[in-house]
Amino acid sequence: MIRVAIIDDHAVVRMGLKYAVMLAKDMELAFELEDGKGAAAAVVMEKPDVTLLDIRMPDVDGLSALESILSVKSTARVIILSTSEAEEDIYRSVKLGAKGYVVKDRDSSEILNAIRIVAEGGEYFPEAVKETFRQRQQMPDLTPREVEVLGMVSKGLSNQEIGNSLGVGAETAKIHIKHIFDKMGVANRAECVAEAIRRGLMRV
């Protein structure tokens, strides 16, 4: 019997996933949570064979929860559930150690199939997800400071305001922004924000 944990902040989604798991003769529910907080402790205590983990949650998101789960139980098998195929979500999920990535609007049979494959020690990444990951691998990562600056750019802050916030001069802020533009292949702030949204680096 495959013991499945469900971590998702949407009650309707949890209900649907629980129903699908309960109907599957080879599965049972290990536990459910509505937030990533406490996920690591629950996985250690309840020992699910597979954990379904929503990537977008209000307090502790799925990627943070995934990192905390694997830090205490490196052998945990986690499938990320997402509403999109944004490349940054896919890239970070795979890099952190997820064993699968499934878009929520897929048929429940696909999710159950993913659970079975991952429970047996395999991985479940649809070809479109693999291709997105391969493309993202070829792009340079933004540093944590650059991600911070990107957030300020998206809020419309000037170079001087960004510099003041970071405790540096406007010229240093300008250099950070140039590095971001170069890495993202954009020419101005509007393109930068649009590209960041497309990649899933920020939400609208």
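Looking at E148, its side chain never comes within 3.5 Å of a backbone N or O of R145 through a donor-acceptor pair. S165 contributes no side-chain N or O that, together with a main-chain N or O of I162, makes up a donor-acceptor pair within less than 3.5 Å. With E195 contributing its side chain and E191 its backbone, the two residues share no donor-acceptor pair below 3.5 Å. Although no hydrogens or angles enter the test, the distance criterion places no donor-acceptor pair under 3.5 Å between the side chain of R199 and the main chain of A194.
Between E127 and R134 a salt bridge is recorded (basic side-chain N to carboxylate O distance below 4.0 Å). Ionic pairing of D61 and R92 is not present here: no N-O contact between side-chain nitrogen and carboxylate oxygen is shorter than 4.0 angstrom. Contact check on E85 versus R106 returns a salt bridge, with a Lys/Arg side-chain nitrogen under 4.0 Å from an Asp/Glu carboxylate oxygen. Checked for salt-bridge contact, D26 and R116 meet the test: a charged N lies under 4.0 Å from a carboxylate O.
The OG1 atom of T51 lies 9.0 Å from the CD1 atom of I79; values are rounded to the nearest 0.5 Å. Atoms CG and CZ, on L157 and R189 in that order, are 8.0 Å from each other to the nearest 0.5 Å. Interatomic distance, CG of L29 versus CD of E46, reported as 9.5 Å (0.5 Å rounding).
Through side-chain heavy atoms spaced under 4.5 Å, either directly or across other Ile, Leu, Val, Met, Phe, Trp or Tyr residues, V94 is tied to I7, F31, L33, V43, L53, I55, M57, L63, L66, I69, L70, V78, I80, I90, Y91, L96, Y101, F125, V129, F133. By the 4.5 Å side-chain criterion applied to Ile, Leu, Val, Met, Phe, Trp and Tyr, V72 is assigned to a cluster that also includes V44.
Every residue two or more places apart in sequence or in another chain that forms a salt bridge (Lys or Arg N to Asp or Glu O under 4.0 Å) with E32 is listed here: R14, K18.
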